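Notes to accompany the following structure.
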Amino acid sequence: MKAVRKIYDEEVLYINELILTKGCIYGVIGPSGAGKSTLLRIINMLTDQSSGEILYNGEPAPKNGLGKLTLQRNMALVFQKTLLFKDTVWNNIAYGLKARGFNKKEIEIRVNSLLDQIGMTELASRRAETLSGGEAQRVAIARAVAFEPEILLLDEPTANLDPGNIELIEEMIIKMARDKAITVIMVTHNVFQAKRIADQVIFINQGKIVEMGPTEKIFSKPDNESTRLFVEGKMVY
Amino acid sequence: MKAVRKIYDEEVLYINELILTKGCIYGVIGPSGAGKSTLLRIINMLTDQSSGEILYNGEPAPKNGLGKLTLQRNMALVFQKTLLFKDTVWNNIAYGLKARGFNKKEIEIRVNSLLDQIGMTELASRRAETLSGGEAQRVAIARAVAFEPEILLLDEPTANLDPGNIELIEEMIIKMARDKAITVIMVTHNVFQAKRIADQVIFINQGKIVEMGPTEKIFSKPDNESTRLFVEGKMVY
Amino acid sequence: MSRLYEGLLEALRLIISFDPDLLTIVLLSLRVSITAILLATLIGVPIGTLLGLKEEKKTGFFNKIIFTFMGMPPVVAGLIIFLILSRQGPLGVLGLLYTPSAMIIAQVFLASPIVIGLTMVGIRAKGGEIEETARSLGAGSALAAWTVVKESRYAILGAVITGFSRVVAEVGAVMIVGGNIEGHTRVMTTAIVLETRKGNFELAIGLGIILLMISFIVNSVLYTIQKGGKKN
Amino acid sequence: MSRLYEGLLEALRLIISFDPDLLTIVLLSLRVSITAILLATLIGVPIGTLLGLKEEKKTGFFNKIIFTFMGMPPVVAGLIIFLILSRQGPLGVLGLLYTPSAMIIAQVFLASPIVIGLTMVGIRAKGGEIEETARSLGAGSALAAWTVVKESRYAILGAVITGFSRVVAEVGAVMIVGGNIEGHTRVMTTAIVLETRKGNFELAIGLGIILLMISFIVNSVLYTIQKGGKKN
Amino acid sequence: AEEGAPVEEPVEEETTPEEEVELIDDFIILATTTSTYDSGLLDFLNPIFTEQTGLEVRVVSQGTGAALETGRSGDADVLLVHDRGSELQGVEDGYFVDRYDVMYNDFIFVGPAEDPAGVGGVTTAAEAMSLIADSGAIFVSRGDDSGTHRMELRLWEAAGIDPAGESWYESIGQGMGDTINHANERLGYTLTDRGTYVSMKDSIDLVIALEGDPVLFNQYGVMAVNPELHEGIKYEYAMMYVEFLMSEEGQNLINSYQVNGETLFFPGYGLE
Ligand SMILES: Nc1ncnc2c1ncn2[C@@H]1O[C@H](COP(=O)(O)OP(=O)(O)OP(=O)(O)O)[C@@H](O)[C@H]1O
Ligand SMILES: Nc1ncnc2c1ncn2[C@@H]1O[C@H](COP(=O)(O)OP(=O)(O)OP(=O)(O)O)[C@@H](O)[C@H]1O
Ligand SMILES: [Mg+2]
Ligand SMILES: [Mg+2]
């Protein structure tokens, strides 16, 4: 479904080839500064790659104009640092739908259903500024999935959350991916989280993909020694 | 060694009795907003309790003056959010020693030995502003233990670190506690971390101590139902 | 001592009785400064937003210029506008010197950099993140920019109010380009200087009190906004 | 057009040849404003630090007063100091009116709130955290306060420079209390107004250029400091 | 300061009835010296002119030198100043047209009642100035290149004294009102036109130190800015103002203006 080749950005990311398949949940792990967030930003076309090419459905991605916007609209990125708009919870979740010109009725249906899923129906008209960390994170995810993107990019969506909230959000992600066949690429520094939810794990270190493979394999018998050290929490850098 | 009774602060913390023993590693767990950080701040006397009394070695703590300073100097607190002074790494670690009027030679010996322990001898003269998150965290801990406090208070010392760094810091803490018989009180939202290093676990929820006991017991057969839910990551709030 | 006291009493009487001279001056001051700040907002907010969304490195040169212009001494602004608007200057034919328009132009010249600069700083604080969040949710360039402006409304409002408080209080520029013509270009600050020099302390004190009150109100609003902005 | 051009040429000649009239004025300006800002620093930094370390709620009233005084129109400051220092005023016996001392007093009155306010804001941003960190490491009150000041040095320096750039550029206060006496209390801003009025555009432009350069330098420093401060 | 009122009602009845002229909705800019403004004369004259013609008079009050410069650069339409020499020079150079001697009064020296320089007994400006210079008492100079300032400089020169840079000589570059106030605050002497002094007498402590020396004669002139020099000069309206001041009515009005019971300006040319 999508092929990414040779991305290079200020020497922080150097990927020879990365092919992602539709409907799969990818867990991207790697030490701090490895380039995980950068990879997501490049896929989401928020940053241009310095060289190399990205192919979506086999086609090279347009660098600007409507083509780029259309492609971007197939994706959603939830940032490492949650940023909600200073507006109501409801309007936050509706943002992407409004940007795509959905009609009012459809927007209402979707937002209300999502509010229900994240258990925040009662907080619909609360100002986003007043939410707790866990609540804000749930709204950010709901906002990203509202318009049913084909690719969902998640950057440490559960950092700083407590176990209860982590579980809730992990369930939400898995359900989403399974129900709607969404491709999920989730960056996490928590290897256990990758283990819990990913189909495939990508281990990045110093801007390079060290190893990529089925979760099972990466955690039981990885090809690469540094992968083994990392998933066992023994890598010191 | 120390008895803390009935602490009350703006209704966020209400503790009937809490007795801590010397040389023990305590793991304080609990959901976000439970009052964990507040507890540490009260023990460190950065905030006054609204009512109730704190006893150190059986004596009530003086509220101000030299007595308070002396008591405070027996403790060190590493904050949830690392704040290093805009100075060199070396000077940061030496800060508490200088405040206590240690002589120059002694300061040098201790700082250099600590730099060695945290593997940052080469970065001694680097400006603290330029350190990475993990490095900064290590310096903050080294700075706190430099003057060998009797009580070491740690507030989520490994949040946002990768497994390698987490391991390094956990080892440092355990070694410190064992070698110097330091009482460690460590707040963490990561129940696994508490499991790994604590002798005793304190579970706080909504400002109250729900349960406290040997780590083994809390994780295998806790008395309280909500404790069980929390350590199993099933508590949703 | 007595002059201070009597001046104060008389000043309060002038204010309470809506003395027409005082009223004319106050109204003109407000008209000039409000018009100027509205124009400066129209100029400054779009430019400031644009610059704020660019990386700091790329606008380094602009930054310095803007920050210099933000600190431009009012007398220098007055001198420049004077030389331009005087009949021998490039825009002399318009005959704008010694008119309220000239004062508005000078104040726009003073306030625009302030609005641009503070808007830029405000947007830069979070604008990039906001823009990326908007784009990641499928917003096009226009919607993304509008979202940035909306989210940075506290910073922008703060920029505008700061600009206003600066121009309404300045005397150097309006003195030079306005000429301090009674009933026509005499504003609060120039009137205070004139009346002090003539020894009419009542009117000077009365205007001083009003100017201080305006300054107090404007700063209270600014303070509330900035507190509100920080909270979120 | 030609006047602008000729004025500029002649102005540059005056600057390059260190014209003594120009030099006297510039030096006096700097002496007055630097003295004023040093005094304002001595007053403002301790007070600002103290207030900054208190909780915002507890200093709410002070905050408003300080923010109002930060925006005090120079002419109002001038008028107040004038009424106090004039022979009929409470401090009239000192005979300070129309002396550089009077200008310094007025500028201290203008700059102190700026230094206090910006120091307070700067300290408040992180001061509490810094103080607690210092205390948690065993610092007593004095060392903790000193650590806060040292750690907030960028904010404090920024406050001082902002104060300086404000007073060196203002004309309202120095005009009223200084009296613009040639060679005695004539500073750059008052000289610009006078020379513009007299049609001596060369000197006015020359002083304008110097004032702008000072403003540029001061703002560049401020900008660099604030960038440096933010990075850390 | 107390604003005075004319003692005798102006004779305006003779002009108004037959002139049912359309009022002009426009304005002229009058560049003038601060003495005519600070003394209140223009606040008395201009409303009458405006009532008759509809023309608003916008007064920019500056030193005479600055006013002449404003006129030369075309930023004013009409000038009312007092430095006969430079006025005539300006006419000769083609900057101004239609100059008239419109009114006069005299300069006086004022100073503190204590008279620290002992000027009380003397009768000539030169003597007074020598005494001031010798005693080191403060002398406040307009220093703004105004008519008064130029007169003062000529007087110093005639007295053979160069006061520039002396510590007792304070050149402040401001208007007549400022200068009197300044002298009042500093307990110094100054040279002023009689009009401004009389209009401020009540709010200050200064007294007349010397008056009556023929060299202190002070002639004001009115003239229009040459419209051929710049675009946008309202020559026609300017001339209406000049004609108003020079008309019998205007001259009477000037003569009738009094403050504290004293006439400040006398119509026409005074030295013959
Ligand atoms: N805009 C930028 N300009 C320059 N360097 C950048 C930029 N963004 C990121 N980097 C650098 O690129 C490297 C990779 O950053 P990235 O954010 O992708 O790491 P990461 O794997 O997401 O780390 P973390 O786990 O800490 O979030 C880092 O060294 C970072 O400092
Ligand atoms: N200075 C303060 N003033 C008022 N309320 C406060 C203050 N500090 C903390 N609180 C409130 O007290 C409660 C407990 O806060 P505390 O920081 O102790 O929680 P915590 O258990 O450390 O949470 P986390 O895991 O998120 O760090 C929270 O509701 C918090 O909002
Ligand atoms: Mg990242
Ligand atoms: Mg906490």
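Just so we're clear, the structure is a prediction, and the values are computed from it rather than from any experiment. Below, chain A is the first sequence line, B the second, and so on; all start at residue 1.
For A/Arg127, the part lying near chain C is the side chain, with the backbone staying farther off; criterion is any non-hydrogen pair under 4.5 Å. The part of A/Phe147 that comes within reach of chain C is its side chain, from C-beta onward, which places non-hydrogen atoms under 4.5 angstrom from that chain. The part of A/Leu69 that comes within reach of chain C is its side chain, from C-beta onward, which places non-hydrogen atoms under 4.5 angstrom from that chain. Looking at A/Leu84, the atoms closer than 4.5 Å to chain C (heavy atoms on both sides) all sit in the backbone: N, CA, C or O.
If you check the side chains of A/Asp116 and A/Ser113, you find no donor sitting under 3.5 Å from an acceptor. There is a side-chain donor-acceptor pair under 3.5 Å between C/Arg135 and C/Ser141. Between the side chains of A/Thr158 and A/Gln193, a donor-acceptor pair is found at a separation under 3.5 Å.
Ionic pairing of C/Glu132 and A/Arg41 is present here: one or more N-O contacts between side-chain nitrogen and carboxylate oxygen are shorter than 4.0 angstrom.
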